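What you see below is based on every heavy atom in this structure, not just the backbone, and it leaves out hydrogens, waters and symmetry mates. Here the structure is a predicted model, which means the values were calculated and not measured.
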Amino acid sequence: MDWLFVLVFSFVCLFLCMLTGMPIALSFLLTCMIGGYLWWGGLSGLAQLATGLYSPVASFTLLPVPMFILMGALIFESGMGTRVVDVLDRLLGKRVPVRLSVLAVGAGAILGALIGISGASASILGKTLLPEMLRRGYRGETSLGPIVASGTLATMIPPSALGILVGAMSGVSISGVLLGIILPGLLLAGLYLAYLLVRYRKAPVSAPDERSDVSFSEKVVVFVRDLLPLALIMFAVVGTIFIGVATPSEAAALGVVACLLLAAAYRRLNWKVLWNSLVSTVHITSMVFFIVVGAVCFSRILASSGALRGLVDLATSLSLPPMLIVAATLAVVFILGCFMDAASITMVTVPLFTPLVSALGVDLLWYAVVYLLVVQLGLITPPFGLDVYTVKAVAPPEVTLTEAFRAAMSFLVVGLVVAALLFAFPRLALLLPAMAKA
């Protein structure tokens, strides 16, 4: 059967299921059942499909995913995420323009290094910072903008659960992905800050100037007591991988231990926090793994039918520059981000695009880093950018969805600039992984 028909038919079935409101995982599985029956020999194909449901998640490669999710749950449930915001608020200099906007980006970067899930990071910032920002007169790009945009930093700064999925689905070194996203993530945060400071100077009425009466000695005490210990979590995850003493799975387990120790040290750990964290981890992990099972079976059907091979052959036969084709795949990912969550997009597109990118001779590690940036940026775009909806859900009633989307647009442009820089300077994504190997 013609590979193009199989490819189009499979994706039409998948998206029709999604349009009915069916959960993503069930949409995958129903599409796989139809494909298995049609192209794997009827009932025997369904039996073959059933026997392959376990293997996609029976892999140590995915072990860091629940560990990273548990880390984020512990940070969230214990209140350490809110503590980060409070500490940074006290540490910022007394003459910093748009101080709370700068605080949102700084806290977003640190929460990204602790939680690794954009929705959780945006939720914390929306609950703790947004009401105060609105009370003090912050509006638009100086209030909603940095909070929505800072959620993207959770994906671009390890630990990143989505980074694990991209690495596992593409066959790229997970350690390499986690290290590769660090410099682009820091660059993204830095450009967010630069944009805010420039924007404030051009339109100073967009937010009031503020003063902090915390003395230097108090700042030193706060930094050493409340912020510096969080470096233990960062070292447990990133540092151990970089110096080569731990695999991603071991580093994720060490990160959980570090979170437990700090929560206990700050007297935030109790049975309720632990129970809520475990329940949340089970719920999120189950959802993600169901999506993984469906997506892997979906990619197997496409591969066995010749659809993936046909797509690769078509792309490589085109007289187009390889990087133009790569940019086209990322544009598809970006557009899908307007309508789907990041995990689902990853499960659909990575098995489809990875063989294509590899056949074009493009470094898969570099592609994985750029992919993570683009897929997360898609989640702050209208009409269904999920991170924007998350912030709107925790925002005061006077905040409108249109206002939130409009405020995020400038930061979206900044993110696309970082993506362009990764195209122009691939070493931004490859430097730290290369140093770790040396």
Side-chain angles (χ1 to χ4, degrees), residues 2-8 10-11 152 155-156 162-163 165-173 176-177 179-188 191 295 299 302-303 305-340 342 345-381 409 411-434 437:
D2 184 72
W3 67 266
L4 184 58
F5 173 78
V6 175
L7 186 67
V8 173
S10 299
F11 276 97
T152 62
T155 298
M156 293 304 296
L162 190 61
L165 289 179
V166 170
M169 297 296 294
S170 63
V172 178
S173 164
V177 173
L179 294 175
I181 60 178
I182 294 176
L183 290 183
L186 294 177
L187 176 62
L188 184 63
L191 290 182
S299 64
L302 292 181
S305 67
L308 294 183
R309 183 71 261 169
L311 181 65
V312 170
D313 291 341
L314 175 63
T316 53
S317 66
L318 297 174
S319 57
L320 295 174
M323 296 307 288
L324 183 60
I325 298 176
V326 170
T329 67
L330 294 172
V332 171
V333 171
F334 181 78
I335 294 170
L336 288 176
C338 302
F339 307 98
M340 298 168 59
I345 298 169
T346 299
M347 297 301 106
V348 172
T349 58
V350 168
L352 189 65
F353 292 152
T354 298
L356 172 60
V357 172
S358 179
L360 293 172
V362 176
D363 191 306
L364 284 181
L365 176 56
W366 171 85
Y367 182 76
V369 173
V370 184
Y371 181 97
L372 281 168
L373 173 62
V374 173
V375 74
Q376 193 61 43
L377 288 176
L379 298 186
I380 63 174
T381 56
M409 288 303 98
F411 295 90
L412 176 63
V413 173
V414 173
L416 293 175
V417 168
V418 175
L421 289 174
L422 286 172
F423 267 81
F425 305 102
R427 192 159 177 78
L428 286 172
L430 303 176
L431 179 60
L432 290 182
K437 288 181 180 179

Sequence neighbours excluded, the answer for side-chain hydrogen bond (donor to acceptor under 3.5 Å, both in side chains) partners of Thr155 is Gln376
Spacing of [atom1] belonging to [X] relative to [atom2] belonging to [Y], to within rounding of 0.5 Å:
X	Y	atom1	atom2	value
Tyr371	Leu422	OH	CG	15.5 Å
Ile181	Leu186	CD1	CG	10.0 Å
Leu330	Leu377	CG	CG	11.0 Å
Leu165	Ile345	CG	CD1	12.5 Å
Thr329	Leu324	OG1	CG	10.0 Å
Phe334	Leu412	CZ	CG	4.5 Å

Examine distances only and state if a side-chain atom of Ser358 and a backbone atom of Thr354 form a donor-acceptor pair shorter than 3.5 Å. no
Which residue, Leu372, Val374, Leu373, forms the side-chain contact (heavy atoms from CB on, under 4.5 Å) with Val370? Val374
Only residue of Leu179, Val369, Leu365 satisfying side-chain contact (heavy atoms from CB on, under 4.5 Å) with Leu430 is Leu365
Over 12 foreign heavy atoms within 6.0 Å of CZ, Phe423: yes
Specify the closest pair of heavy atoms between [X] and [Y], including all atoms of both residues, with the distance to one decimal.
X	Y	result
Pro433	Gly176	CG-O, 3.4 Å
Pro184	Ala429	CG-CA, 4.4 Å
Pro355	Val350	CD-O, 4.2 Å
Met409	Ile380	CE-O, 3.5 Å
Val177	Ala368	CG2-CB, 4.1 Å

Test Leu352 against Phe11 for side chain to side chain contact (heavy atoms under 4.5 Å, CB included), laying out the working first. CA-CA 11 Å; Leu352 189 65; Phe11 276 97; 3.6 Å; yes
Tell me every residue that passes side-chain contact (heavy atoms from CB on, under 4.5 Å) with Val362, counting only those two or more places apart in sequence or in another chain. Met323, Val326, Val357, Leu360, Trp366
Apply side chain to side chain contact (heavy atoms under 4.5 Å, CB included) to the pair Phe411 and Thr152, showing each step before the final yes or no. CA-CA 10 Å; Phe411 295 90; Thr152 62; over 6 Å; no
